[in-house]
Amino acid sequence: MEKRHRLIVALLFGLLPVSTFRTSAQQGTTRFRVVVNLVQLNVAVTDNKGNYVRGLHPLDFAITEDGIPENIATFEEGNAPTTRLLEESPAAQERTGLQDSASGPSLHDSQPETLDSAVVGANVFILFDTSNYMYRGFVFAQDAIADFVRSLESADKVAFYSYSRDLYRAAALTSDRSAVVRGVRTSVAGDDAALYNSLLLTVQDAGQYPGRKVIVVFSNGPDNASMVPPEDVAELAQSAGIPIYMISTTQAQLEPVSTAVFDRMSAATGGKAYFAKSWRDEKKAFASIREDLAHLYSFSYYPKPNPNRGWRSIKVQLVGEHGKKYHIRTRNGYRPRPNRFSAGNEPS
């Protein structure tokens, strides 16, 4: 248990952006300081029939972190430009004498601005199971993934990874669809399945990029070769704000443990789980994910002072009548990334 926790803390070091700071420490000692710069949420809103709800505005949403009301800093619907509501974090506003965030965000009168750090489109990481569980439907799965890659809009970047016992980065994140499709077509079947090891590495890769990120996993069965438990992978993805979409076949449903893990992991990160009965259903699942990405609301906030250095609970609600008619799907929290500096390498 202690080793598992150390692994997660170590992996969290490189995931979330943090502001630099100076800390005093005695010689030879090491201090940990938790600094959260910006928390990003991907939110799906649907009605009672499962249809996506469009046209909502920042004032239609209310966000709390550990019960503390938060102010939305950036807001985006689908692939539309990001609107900037707060120029700086509350701490930065205090330093420069700007309006304190407690007075609430205000929209600019001019056209919405795009933010270099937030408007990157949806970076989609595809993780394909090439283990011996996939022998029967391997070619059909390749076809479904290739069609999904071609169907993504040009603003999105895509990476394609495959795995069996080890992870293979067949195509790094790129806007070149042909390079990604080549990676799909040249993938070959392997042996045992180390899904959770490979998924954890994929989450770590995705966390290095700004903007919206999602991971789409095509897995046909259980994990029989990983050293990492699925709960640690889910927590890492939650803390990095990366939804995980799981597509599997009915063969995976024959093992209740895998089914439950896929459902829990996707729900905890704000994604979805699909269990396809045929290759046609696989293509429908990929189409559903594409629609989901196109209709997500993406917004961020600067957390207000919070002494909690552990798991922080996030709650997103709709304001007024919208809250009675519509449903929200998003991640339910995150763990702040600790940042470590020793006395000899403090930043200026």
query = Could you state the interatomic distance from OG1 (T202) to CZ (F125), rounded to the nearest 0.5 Å?
reply = 8.0 Å

request  = With sequence neighbours excluded, give me every salt bridge (charged side-chain N to carboxylate O under 4.0 Å, His left out) pair touching residues 142-151.
outcome  = D143-R185, D147-R150, D147-K283

query = Taking the six-membered ring for Trp, is the centroid-to-centroid distance between F138 and F128 below 6.0 Å?
reply = yes

ask   = Got a second to check how far S131's OG is from D192's CG, nearest 0.5 Å?
value = 8.0 Å

ask   = Can you name the residues that form a salt bridge (charged side-chain N to carboxylate O under 4.0 Å, His left out) with R182, not counting sequence neighbours?
value = none

ask   = What is the distance from atom CG of L195 to atom CG of D129, rounded to the nearest 0.5 Å?
value = 7.0 Å

key: Residues which pass side-chain contact (heavy atoms from CB on, under 4.5 Å) with A267, listed by chain and number, not counting sequence neighbours   = none

message = When you compare the side chains of T83 and E76, does any donor N or O come within less than 3.5 Å of an acceptor on the partner?
response = no

note = CE of M246 to CD1 of I289, rounded to nearest 0.5 Å, is 10.0 Å

Charged N-O contact under 4.0 Å between K304 and E65 = no

ask   = Do you know the tightest heavy-atom contact between T330 and N42?
value = OG1-O, 2.9 Å

key: Between S300 and T74, a side-chain donor and acceptor under 3.5 Å   = yes

inquiry  = Check for me, please, whether V257 and V217 land in the same ILVMFWY cluster - side-chain distances under 4.5 Å, paths through other members count.
reply    = yes

ask   = Listed by chain and number, what are the salt bridge (charged side-chain N to carboxylate O under 4.0 Å, His left out) partners of E77, not counting sequence neighbours?
value = R54

Residues in ring-ring contact (aromatic ring centres under 6.0 Å, His included) contact with Y301, at least two apart in sequence or another chain = none

inquiry  = Could you tell me if D205 and Y161 have a donor-acceptor pair between their side chains, going purely by distance under 3.5 Å?
reply    = yes

ask   = Hey, what do you get for CZ (R280) to NZ (K277), rounding to the nearest 0.5 Å?
value = 14.0 Å

note = Of all heavy-atom pairs linking L59 and V319, the shortest is O-CG2, 3.8 Å

note = The side-chain contact (heavy atoms from CB on, under 4.5 Å) partners of H57 (sequence neighbours excluded) come to D60

remark   = The ring-ring contact (aromatic ring centres under 6.0 Å, His included) partners of Y52 (sequence neighbours excluded) come to H295

note = Rounded to the nearest 0.5 Å, the CD1 atom of I215 sits from the OG1 atom of T269 at a distance of 8.5 Å

inquiry  = Regarding D191 and N132, do their side chains bring together a donor and an acceptor under 3.5 Å, going by distance alone?
reply    = no

ask   = Mind checking what makes ring-ring contact (aromatic ring centres under 6.0 Å, His included) contact with Y326, not counting sequence neighbours?
value = H322

remark   = Here the salt bridge (charged side-chain N to carboxylate O under 4.0 Å, His left out) pairs for residues 316-332, sequence neighbours left out, are D292-R329, E321-K324

query = Linking I/L/V/M/F/W/Y whenever any side-chain heavy atoms sit under 4.5 Å apart, do V181 and Y168 land together?
reply = no

message = Suppose we screen for ring-ring contact (aromatic ring centres under 6.0 Å, His included). Which residues come up paired with Y163, at least two apart in sequence or across chains?
response = none

inquiry  = Test of understanding: with side-chain contact (heavy atoms from CB on, under 4.5 Å), list the residues that count as partners of T174, not counting sequence neighbours.
reply    = D176, V180

request  = Step by step, work out the side-chain contact (heavy atoms from CB on, under 4.5 Å) result for V124 and L293.
outcome  = CA-CA 10 Å; V124 181; L293 298 180; 3.9 Å; yes

message = Using the rule given for side-chain contact (heavy atoms from CB on, under 4.5 Å), can you reason through D281 versus Y274, listing the C-alpha separation, both sets of side-chain angles and the distance that settles it, and then say yes or no?
response = CA-CA 9 Å; D281 289 338; Y274 302 83; over 6 Å; no

message = side-chain contact (heavy atoms from CB on, under 4.5 Å), that's the test. Do I126 and V149 meet it? Break it down for me.
response = CA-CA 9 Å; I126 301 172; V149 170; 3.6 Å; yes

request  = Verify whether the ring centers belonging to F61 and Y297 lie closer than 6.0 Å.
outcome  = yes

key: Partner residues of T64 under the side-chain contact (heavy atoms from CB on, under 4.5 Å) criterion, sequence neighbours left out   = K315

